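Reading through the structure tokens given below for one structure.
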Amino acid sequence: MLVLLDRDGVINRDALEGILRVEDFHIFPQALEAIAALTKAGFHIAICTNQSAIGRGNLAQETLNEMHAMLQHEAAKA
């Protein structure tokens with residue numbers, strides 16, 4: 001089974017202007033715990049996110065990749 005999770009506001013703290021810098025990407029510890037529990041229960045996890053800031057030129061793809069690498073690293077540790 002697959003569980004889809006929204007990123008901003010579910011996995012990490014959200015901001016009105018979006019998360020535009022790696023240092024502003026704060027992952028909720030309880031989200032990591034939930035992802036770990038779901039994974040241990042046999043679920044596959046996919047994270048959905050619409051980062052319109054990329055299209056507007058406010059967020060570089062490389063920065064988004066850094067955020068997602070951080071998320072993958074922290075989720076693997078959990």
Side-chain angles (χ1 to χ4, degrees):
M1 283 214 211
L2 176 67
V3 175
L4 299 172
L5 299 173
D6 188 27
R7 195 192 83 166
D8 295 339
V10 175
I11 303 291
N12 62 282
R13 188 170 43 189
D14 201 0
L16 286 176
E17 67 281 356
I19 308 299
L20 305 177
R21 303 177 318 151
V22 173
E23 46 275 359
D24 296 330
F25 187 65
H26 301 286
I27 303 167
F28 296 131
Q30 61 271 36
L32 293 173
E33 294 167 8
I35 290 169
L38 287 165
T39 301
K40 288 176 185 166
F43 292 92
H44 297 280
I45 307 297
I47 298 173
C48 306
T49 185
N50 175 16
Q51 297 301 313
S52 59
I54 289 178
R56 292 192 306 270
N58 297 329
L59 175 63
Q61 182 67 51
E62 295 79 22
T63 303
L64 181 63
N65 292 345
E66 283 184 59
M67 292 178 201
H68 290 172
M70 179 193 325
L71 176 55
Q72 287 177 325
H73 176 74
E74 293 300 318
K77 285 188 346 187

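Scope of the values below: all heavy atoms of this structure, side chains included, with no hydrogens, waters or symmetry mates. Owing to the predicted nature of the structure, the values given are computational and were not obtained by experimental measurement.
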Return a table of donor-acceptor pairs under 3.5 angstrom between the side chains of residues 30-45 and protein atoms on other chains or two or more places apart.
unit_1 : atom_1 : unit_2 : atom_2 : d
Thr39  : OG1    : Ile35  : O      : 2.8

Reported CZ-to-CD distance for the pair Arg7 and Gln51, which is rounded to 0.5 angstrom:
4.0 Å

Would you please name every residue forming a side chain to side chain donor-acceptor pair (under 3.5 Å) with Asn65, sequence neighbours left out?
Gln61

Roughly how far, to the nearest 0.5 Å, is CD1 of Ile11 from NE2 of His68?
10.0 Å

Tell me whether Leu5 shares a hydrophobic cluster with Phe28, the cluster being built from Ile, Leu, Val, Met, Phe, Trp, Tyr side chains joined at under 4.5 Å.
no

By side-chain contact (heavy atoms from CB on, under 4.5 Å), which residues pair with Ala60, not counting sequence neighbours?
Glu62, Thr63

Tell me, please, which residues at least two apart from Lys77 pass salt bridge (Lys or Arg N to Asp or Glu O under 4.0 Å).
Glu74

Spacing of Leu59 atom CG and Leu20 atom CG [to the nearest 0.5 Å]
6.0 Å

Under the salt bridge (Lys or Arg N to Asp or Glu O under 4.0 Å) test, residues paired with Arg21 that sit two or more places apart
Glu23, Asp24

Connected via hydrophobic side-chain network under 4.5 Å: Met1 and Ile47:
yes

Drop me the distance from Phe25's CZ to Ile19's CD1, to the nearest 0.5 angstrom.
8.0 Å

Please report the interatomic distance CG(Asp6) to CG(Asp14), rounded to the nearest 0.5 Å.
8.5 Å

Just jot down the side-chain contact (heavy atoms from CB on, under 4.5 Å) partners of Ala76, sequence neighbours excluded, or say none.
none

